Asks: 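Starting off with a structure, shown below.
These numbers come from a predicted model, not from an experiment.
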Amino acid sequence: MDNQKLAQLLFPEVTTTIDEVEARFPARDLPEGAQVTRMGPSPTGFIHLGNLYSGLADERIAHQSGGIFYLRIEDTDNKRKVEGAEDIIISVLKYFGIEFDQGAGIESPESDAYGPYYQRQRKDIYHVYAKNLVAQGLAYPCFCTEEEIAQIKEKQTEQKVITGYHTTWTRCRDLTLEQIEEKIAAGMPYTLRLRSQGKEGNDIIFRDQIRGSVKFPENIMDVVILKKDGIPTYHFAHAIDDHLMHTTMVIRGEEWLSSVPTHVELHKVLGFRLPKYAHTAHLMKMDNGNKRKLSKRKDPELSLDYYRQDGYHPQGVKVYLMTLLNSNFEQWYDKHPNSPIEEFPYSVKKMSKSGALFDIMKLNDICKNEFSKLEPEDVYEFLHTWCTNYHPDMVDVYFADKEKFIKILELTMGVHQKRRRKDFINAKQIMESIHYFFDATYHIVDEQKYDAETVEAVLKAYLASYDHSADANGWFNNIKEIGEQFGFTGNMREYKKNPENFKGNVSHIAEIIRIATVGQSNSPDQWAIYHIIGEDMMRERIEKYLAK
RNA sequence: GGCCCCUUGGUCAAGUGGUUCAAGACUCCGCCCUCUCACGGCGGCUACACGGGUUCGAAUCCCGUAGGGGUCACCA
């Protein structure tokens, strides 16, 4: 077989040489040890927690080493294509504080140097290498139909041999030039397959950055490298792109681990140096007592939009992901609570090998801490933006009076206390928790624990004796006095010793009033609340409460 | 089913042969502080999957077993 002739037959339009292509993508001018990483999503526009998780790892490794982090759109499967997906990806990642240096949709002077960053636009590049492989007898056209492939698999399953298009099971591997010419002339579609040089029984040792050395059987599959439309498969595109774009470390999910042998052979056959690989563990979820990989379909919480919608602060999500990503991050962060994440010495070796269960409680806890570090002004801006995007109809209700809102935040965040309160999780929850500051959202949550008669008498006494000009102490003393009138003691120590001697204590009086004014049995300091909502609103709520 | 990965408390995890009869964080429970809540403080429950080795000594090394996960496409 004349391989040169076959190559010419298959790729008549390719006139560029490999040397010419290589010359277009010179080595990057980076300091010693700098890592080049990339994110290569398919353009479905759906970006999930797992993407952020590995994206964060990519970003840290690149930037910590003074390298480059770029975005490449892997659109070799046109069935998945969604318009404008790269904008979504870029904006979502940006929301979480992860920014690309170069790549698809990124404007930078050097950004185009290694492009195009859409694989479909690199078809001619892949064809140069494909032609070259054919010319060396390392690839061949395959005319098998899906049915034929299925038949082969069926027989292999029956005979209990390794399934797939390999060794003696191949049908098109040894076609003559004449046969190929004939089929092409007849208009038969074909894929291009690798002529695997692997031998059954041989092993390869592969060193993963996270998992250490892994032993695999050598690849023997004649994998498809170009689909019948001439677009490369992931494997082929990966080898060529990461070579030309000079990626130094490929960080990807562990579902790719088993295709490492294929990639090893592809790199070998193409004469490329293998990049470093880091296969990350999946984020898992508990489902019916079993751990399982978070799935796009079943788990809405996988979508990053989900967190944006609920108004999770990006910093909280990022910190949580970092604790999962690097086992020693949490302790470092404890010691340096106010240092930027970027200062943490990130290490690939510290990445977990086993899949972590996604823990919303832990996320929430971290978010509470993050919010407690912010200033009311920052929280105000954050909430305002969130509300504008997700609840535009509520913007006027909440943000008409900025001064009032800041006061609410100061109180609910406890900025004037010795220690901050920590009960803000996300924007949605914050807004719900401050409902009672606004008539439009105020509603009764808790029931009174005392009988209607007592409640009424206490509230009336409260209204009669309330003095808006009193300070916090004065207010509380008044509550105590009211309590004494009805047999509720102000002496907590006495009460604890002999609760049966009293109808209740002052905290019960406070609770009765609290429920009538804010609708629930817990809240920050009542006096402070009344000085935000004003005497009129407070009195009005009690009146209405009594009327019921 | 073949191949590969993983396995310390409910969860995330420290730990790489001996000051660990196993850190820390989250959750849960109790107590303290306290007008409620939150914060904070103190304390508690709960773990090296199992079985064999190697060794003076193993969570740490080896071999099996079990369980979980991934992958076996002209999808990435």
Asks: Heavy atoms under 4.0 Å, any strand shown: does Lys215(A) hit a base, just sugar-phosphate, or nothing?
Replies: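 The answer is sugar-phosphate, as Lys215(A) gets under 4.0 Å only of primed atoms, P, OP1 or OP2.
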Asks: Base, sugar-phosphate alone, or nothing: which one does Lys362(A) contact when heavy atoms must sit under 4.0 Å apart?
Replies: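 Result for Lys362(A) = base.
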Asks: Under the criterion ring pair (Phe, Tyr, Trp, His ring centres under 6.0 Å), which of Tyr234(A), Tyr277(A), Phe206(A) is the partner of Trp256(A)?
Replies: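 In the set Tyr234(A), Tyr277(A), Phe206(A), the residue that makes a ring pair (Phe, Tyr, Trp, His ring centres under 6.0 Å) with Trp256(A) is Tyr234(A).
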Asks: Let me see the working for His279(A) and Arg252(A) under side-chain hydrogen bond (donor to acceptor under 3.5 Å, both in side chains), right down to the final yes or no.
Replies: CA-CA 5 Å; His279(A) 290 95; Arg252(A) 42 150 67 155; 3.0 Å; yes
Asks: Checking all strands, does Gln417(A) fall into the base, sugar-phosphate, or nothing category for heavy-atom contacts under 4.0 angstrom?
Replies: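 Here Gln417(A) touches the bases of the nucleic acid.
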Asks: Is the distance from OP1 or OP2 of C12(B) to the nearest side-chain N or O of Ser352(A) less than 4.0 Å?
Replies: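 It does not, given that no N or O in the side chain of Ser352(A) lies less than 4.0 Å from OP1 or OP2 of C12(B).
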Asks: Between G30(B) and U55(B), how far apart are the two C1' atoms, rounded to whole Å?
Replies: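 Straight-line distance between the two C1' atoms is 44 Å.
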Asks: Can you tell me if Lys227(A) touches the phosphate of A76(B), counting only side-chain N or O atoms and a distance under 4.0 Å to OP1 or OP2?
Replies: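 True: Lys227(A) side-chain N/O within range (under 4.0 Å) of A76(B) OP1/OP2.
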Asks: Would you measure the distance from the C1' atom in C62(B) across to the matching atom in G41(B) and give it in whole Å?
Replies: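 48 Å, rounded to whole Å.
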Asks: With a cut-off of less than 4.0 Å, is there a side-chain N or O of Ser327(A) near OP1 or OP2 of A14(B)?
Replies: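 For Ser327(A), the contact criterion (side-chain N or O under 4.0 Å from OP1 or OP2 of A14(B)) is met.
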Asks: Is any side-chain nitrogen or oxygen of Lys449(A) closer than 4.0 Å to OP1 or OP2 of U36(B)?
Replies: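 So the side chain of Lys449(A) is outside the cut-off, no N or O lying under 4.0 Å from OP1 or OP2 of U36(B).
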Asks: Would you call Arg514(A) and Asp446(A) a salt bridge, taking side-chain N to carboxylate O under 4.0 Å as the test?
Replies: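 Looking at Arg514(A) and Asp446(A), the cut-off is not met.
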Asks: Within the structure, does a side-chain N or O atom of Lys153(A) lie under 4.0 Å from either OP1 or OP2 of A73(B)?
Replies: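 Yes, Lys153(A) has a side-chain N/O under 4.0 Å of OP1/OP2 on A73(B).
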Asks: Is Arg193(A) close enough to C74(B) that one of its side-chain N or O atoms is under 4.0 Å from OP1 or OP2 there?
Replies: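 It does, given that an N or O in the side chain of Arg193(A) lies less than 4.0 Å from OP1 or OP2 of C74(B).
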Asks: Record whether the side chain of Gln331(A) comes under 3.5 Å of the base of A14(B) through a donor-acceptor pair of N or O atoms.
Replies: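 A donor-acceptor contact between them is absent.
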Asks: Is Ser258(A) near enough to C72(B) that one of its side-chain N or O atoms lies under 4.0 angstrom from OP1 or OP2?
Replies: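 Result: no.
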Asks: For Thr454(A) and Lys503(A), does a side-chain donor sit closer than 3.5 Å to a side-chain acceptor?
Replies: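 Lys503(A) and Thr454(A) do have a side-chain donor-acceptor pair below 3.5 Å.
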